[in-house]
Asks: 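Input: one structure, supplied below.
Not measured: the values here are computed from a predicted model. Index from 1, following the sequence.
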Amino acid sequence: MAVCLNTDSANRMFHILAHDKYYVDKSGMIEIMNERINTMNRYICITKPRRFGKTSIANMLGAYYGRSYHSESLFGDLKISKSESYAAHLNQYNVIYLCLNDLPDAGNTYEDYTGLIKASITEDIKAAYPELKEKQFRNISDLLTATKDQFIFIIDEWDYIFSHELFPEHHSDFLEFLRNLLKDRPYVALAYMTGVLPIKKYSTGSALNMFKEYTMLKDPFFEEYFGFTEDEVKALCDKQSALTMDEIRDWYNGYQTRSGVQLYNPRSVVCALEDAVCQSYWTRTGKMDEVLFFLKYNIGEVRDDVVKMVNSIPVRIEIEKEFSAGQEKPDNKKEIYSAMIIYGLLSYHDGSLCIPNKELMLEFEASLEDDDFGYVAELVHNSGEILNATLDMNGDAVAAYLHNIHNSELPILKYNDENSLSCVVTLAYLSARNKYRMEREEKSGKGFADFIFHPIQRNLAGLILELKADDTPESAIAQIRNKEYYEKLKKENVKNILAVGISYDTHSKEHQCVIEKL
């Protein structure tokens with residue numbers, strides 16, 4: 001039974017995917033692949049975060065190109081079937097499919113790892129070409145050359161040993177192994193490789209410099225195929241009635257193509273639609289997928305930026321250099337952010353860095369509780385006190401808490417505007433997220449409320465916070481009433497609603513707070 005050559009595993013996996021209720025047709029990408037077969041651009045490396053559909057695309061390509069089965073019934077109704085190149089390439093190729101996250105059952109050395117790859121290819125090739133069975137070859141490339149055939153290589157998780165920090169002393173050897181297998185070989189009709197991490201450029205070049213790389217920072221061709229577009233998500237939402245497009249957008253939108261097309265995390269969207277609930281589906285598959293893992297490399301330098309981004313204030317920064325496979329741990333701000341972009345933890349577009357969506361926002365908010373964040377962590381740990389004062393309608397106590405925070409050691413909190421006041425309020429009430437669904441700039445009634453706290457527990461009061469710089473808290477309360485910001489809470493059958501008006505005088509540096517029942 002074949003392990004990697006012309007197996008039917010990709011065909012079976014894509015069959016399951018294509019018949020899923022929430023399947024999104026990404027087969028248009030095949031047309032681009034067809035154009036690159038047997039050209040100088042036949043080496044393609046796609047690096048995107050986990051959960052963005054890389055393996056699904058790899059299975060689709062394997063199902064389309066593989067010659068060991070007939071998959072016309074799978075693709076006949078998909079977008080690729082309208083392409084002029086569709087029939088010419090359908091099921092016409094020998095496909096070698098390698099998933100490099102497979103480790104040998106016996107042996108845990110680099111030689112065991114690469115030996116498993118070599119053995120899988122050798123056994124399959126000699127079984128398919130009996131005339132080669134008794135011959136000896138110096139290496140895998142000589143064996144493949146002797147077939148006098150061409151192959152399409154699909155290599156999933158090429159960077160597994162890098163991202164999991166396996167065999168670090170052999171990382172450059174592994175790149176050489178892939179180079180010897182693929183570079184300038186006449187048997188390579190197409191090489192499609194996926195992973196999370198871009199290929200590291202050793203010295204002035206790279207062993208794999210024949211690959212064109214498409215990453216989260218630089219991808220002019222394939223962006224729309226990894227992630228769901230706005231129109232695709234709308235079409236999926238129409239298949240159910242439990243969740244609205246606005247809810248899905250709020251939770252899982254936040255990535256963009258270079259042209260500004262919005263992209264959604266596909267796995268999270270599908271999970272939410274299947275479960276009929278928006279919540280965090282962010283799966284930590286390793287320490288490199290955790291927000292705090294990266295921030296801890298230089299919390300002092302990134303702390304103010306994190307506070308800004310938690311308050312939905314973009315950070316302006318130019319990032320050109322990508323964090324790549326085999327690179328040393330990031331130590332400065334740009335390297336930390338580059339790594340977080342590559343892993344999908346941050347979104348970067350037109351020089352602006354931000355937290356992509358609510359799903360990731362929860363991860364960042366949780367990270368602020370870590371003691372390494374110093375004064376910020378202290379604020380978070382004590383933030384239950386200001387919530388209790390608010391629920392007790394003690395406006396003077398709330399104002400005193402806010403005053404102490406605003407006069408803290410954090411530079412971002414010293415700005416004299418409503419953005420700064422918003423940051424103060426977010427930090428002050430951060431622990432409230434355990435009892436409330438906190439929405440900032442939420443549409444309700446006749447406008448947008450600065451903050452609405454939707455109670456998770458029925459016995460809690462709903463809160464509407466309106467902020468004013470160089471104005472009065474009474475003015476904020478009047479705005480809440482006049483613009484009927486309480487409308488959403490009333491529709492949710494929240495019986496007890498408190499209006500919280502907060503003001504900050506930029507000259508006297510004083511805070512005032514008035515709390516009224518609505």
Asks: Measuring only between side-chain heavy atoms, which start at C-beta, is Val425 closer than 4.5 Å to Ile405?
Replies: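 In short, these two side chains do not touch, never coming nearer than 4.5 Å.
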Asks: So Tyr485 and Leu465, side chain to side chain contact (heavy atoms under 4.5 Å, CB included) or not? Walk me through it.
Replies: CA-CA 10 Å; Tyr485 290 158; Leu465 278 66; over 6 Å; no
Asks: Would you list the pairs meeting salt bridge (Lys or Arg N to Asp or Glu O under 4.0 Å) in which at least one residue belongs to residues 219-228, sequence neighbours left out?
Replies: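 Those involving residues 219-228 are Lys48-Asp219.
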Asks: Go through the steps to decide whether Leu391 and Leu460 satisfy the test side chain to side chain contact (heavy atoms under 4.5 Å, CB included), and finish with yes or no.
Replies: CA-CA 9 Å; Leu391 294 172; Leu460 288 174; 4.3 Å; yes
Asks: Under the side-chain contact (heavy atoms from CB on, under 4.5 Å) test, which residues partner Glu157, sequence neighbours left out?
Replies: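 Checked Glu157 against side-chain contact (heavy atoms from CB on, under 4.5 Å); matches are Asn101, Tyr160.
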Asks: Determine whether Leu236 and Val24 make a side-chain contact, defined as any pair of heavy atoms from C-beta on separated by less than 4.5 Å.
Replies: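 Yes, side chains in contact.
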Asks: I'd like to check Ile319 versus Leu217 (side-chain heavy atoms, cut-off strictly below 4.5 Å). Are they in contact?
Replies: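 They are in side-chain contact.
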Asks: Between Lys483 and Glu466, is a salt bridge (Lys or Arg N to Asp or Glu O under 4.0 Å) present by the stated rule, with each step listed?
Replies: CA-CA 11 Å; Lys483 294 196 173 183; Glu466 190 64 26; over 6 Å; no
Asks: Gln479 vs Lys468, test: side chain to side chain donor-acceptor pair (under 3.5 Å). Steps then yes/no.
Replies: CA-CA 10 Å; Gln479 183 171 320; Lys468 294 290 182 184; 2.6 Å; yes
Asks: In terms of relative ring orientation, are Phe294 and Tyr343 parallel, tilted or perpendicular, with 30° and 60° separating the classes?
Replies: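 Tilted.
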Asks: State whether the side chain of Asp370 and the backbone N or O of Phe373 hold a donor-acceptor pair below 3.5 Å, judged by distance alone.
Replies: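 Checked: no pair found.
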Asks: Ignoring hydrogens and geometry, is there a side-chain-to-backbone donor-acceptor pair from Arg303 to Gly300 under 3.5 Å?
Replies: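 Here the side-chain-to-backbone pair does not exist.
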Asks: What are the two closest heavy atoms between Phe222 and Phe226, and how far apart are they?
Replies: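 So the minimum-distance heavy-atom pair works out to O-CD1, 3.3 Å.
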Asks: Determine, using ring centers only, whether Tyr255 and Tyr264 are less than 6.0 Å apart.
Replies: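 Centroid separation for Tyr264 and Tyr255: 6.0 Å or greater.
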Asks: Quick check: closest heavy atoms across Ile199 and Glu213, and the distance to 0.1 Å?
Replies: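 Ile199 and Glu213 have their closest heavy atoms at N-OE1, 2.7 Å.
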Asks: Any side-chain heavy atom of Leu463 sitting closer than 4.5 Å to one from Ile452?
Replies: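 No, too far: nothing below the 4.5 Å cut-off.
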Asks: Go through Tyr401 and Ser383 one step at a time and tell me if the side chain to side chain donor-acceptor pair (under 3.5 Å) criterion holds.
Replies: CA-CA 9 Å; Tyr401 280 119; Ser383 59; over 6 Å; no
Asks: State whether the side chain of Asp250 and the backbone N or O of Asp246 hold a donor-acceptor pair below 3.5 Å, judged by distance alone.
Replies: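 Not at all, since once roles are kept as given, no pair shorter than 3.5 Å links the two residues.
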Asks: Are Tyr113 and Phe174 packed together at the side-chain level, in the sense that at least one heavy-atom pair is separated by less than 4.5 angstrom?
Replies: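 A side-chain contact under 4.5 Å exists here.
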Asks: Pair Glu492, His454 - check side chain to side chain donor-acceptor pair (under 3.5 Å), show working.
Replies: CA-CA 9 Å; Glu492 295 168 1; His454 300 260; 2.8 Å; yes
Asks: Measure from the side-chain N and O atoms of His381 to the backbone N and O of Glu369, and report whether any donor-acceptor pair falls under 3.5 Å.
Replies: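 Pair found, side chain donor or acceptor close to backbone of Glu369.
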Asks: Between Tyr504 and His406, is the ring centre distance below 6.0 Å?
Replies: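 Ring-ring flag for Tyr504/His406: true, centres closer than 6.0 Å.
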Asks: Answer yes or no for Arg267 and Trp282: cation-pi contact, defined as NZ/CZ to six-membered ring centre under 6.0 Å and angle to ring axis within 45°.
Replies: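 Relative to the ring axis of Trp282, which defines the angle, Arg267 lies outside at least one limit.
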Asks: Please list, chain by chain and in numerical order, all residues satisfying side-chain contact (heavy atoms from CB on, under 4.5 Å) with Asn311, sequence neighbours excluded.
Replies: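 Per chain and number, Asn311 pairs via side-chain contact (heavy atoms from CB on, under 4.5 Å) with Val307, Ile313, Ser422, Cys423, Thr426, Arg440.
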Asks: Regarding Lys26 and Glu232, does a basic nitrogen lie under 4.0 Å from an acidic carboxylate oxygen?
Replies: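 Result for this pair is yes, salt bridge flagged.
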Asks: Which atoms form the tightest heavy-atom contact between Ile502 and Cys513, and what is the distance?
Replies: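 That would be CG1-SG, 4.2 Å.
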Asks: For the residue pair His170 and Tyr110, does the interplanar ring angle fall in the parallel (under 30°), tilted (30 to 60°) or perpendicular (over 60°) class?
Replies: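 Ring orientation of His170 relative to Tyr110: parallel.
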Asks: How close do Ala432 and Phe453 get, counting heavy atoms only, and between which atoms?
Replies: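 Of all heavy-atom pairs spanning Ala432 and Phe453, the closest is CB-CE2, 4.1 Å.
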Asks: State, with a plain yes or no, whether a side-chain heavy atom of Ile57 is found less than 4.5 Å away from one of Leu61.
Replies: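 In short, these two side chains touch, coming nearer than 4.5 Å.
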Asks: Who pairs with Lys54 by side chain to side chain donor-acceptor pair (under 3.5 Å), at least two apart in sequence or on another chain?
Replies: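 Lys54 satisfies side chain to side chain donor-acceptor pair (under 3.5 Å) with no other residue.
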Asks: Side chain to side chain donor-acceptor pair (under 3.5 Å), that's the test. Do Asp471 and Ser503 meet it? Break it down for me.
Replies: CA-CA 6 Å; Asp471 206 336; Ser503 68; over 6 Å; no
Asks: Are the aromatic rings of Tyr297 and Phe293 close, with centres under 6.0 Å apart?
Replies: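 Close enough - the centres of the two rings lie under 6.0 Å apart.
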Asks: Considering only NZ, NE, NH1 and NH2 on the basic side and carboxylate oxygens on the acidic side, decide whether Arg437 and Glu439 come within less than 4.0 Å.
Replies: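 Here Arg437 pairs with Glu439 in a salt bridge, since their nearest N and O are under 4.0 Å apart.
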Asks: Would a 4.5 Å heavy-atom cut-off, applied to side chains only, mark Ile515 and Val398 as touching?
Replies: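 The answer is yes; the side chains approach within 4.5 Å.
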Asks: Can you list everything that forms a side-chain contact (heavy atoms from CB on, under 4.5 Å) with Ser27? Sequence neighbours excluded, please.
Replies: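 Only Asp25, Ile30, Met60, Leu78, Lys79, Ile80 meet the side-chain contact (heavy atoms from CB on, under 4.5 Å) criterion with Ser27.
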Asks: By the salt bridge (Lys or Arg N to Asp or Glu O under 4.0 Å) test, which pairs, at least two apart or in different chains, include something from residues 333-350?
Replies: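 Sorted result for residues 333-350: Asp305-Lys333.
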Asks: With a 6.0 Å cut-off (strictly less than), is the heavy-atom count around NZ of Lys239, excluding the residue itself, greater than 12?
Replies: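 Check passes, neighbour count above 12.
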Asks: Is any NZ, NE, NH1 or NH2 atom of the basic residue among Lys488 and Glu442 found under 4.0 Å from an Asp or Glu carboxylate oxygen of the other?
Replies: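 Between Glu442 and Lys488 there is a salt bridge, with a charged N closer than 4.0 Å to a carboxylate O.
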Asks: Any donor and acceptor pair, going by atom type alone, linking the side chain of Gln240 with main-chain N or O of Ala242 inside 3.5 Å?
Replies: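 Yes, Gln240 side chain to Ala242 backbone: donor-acceptor pair under 3.5 Å.
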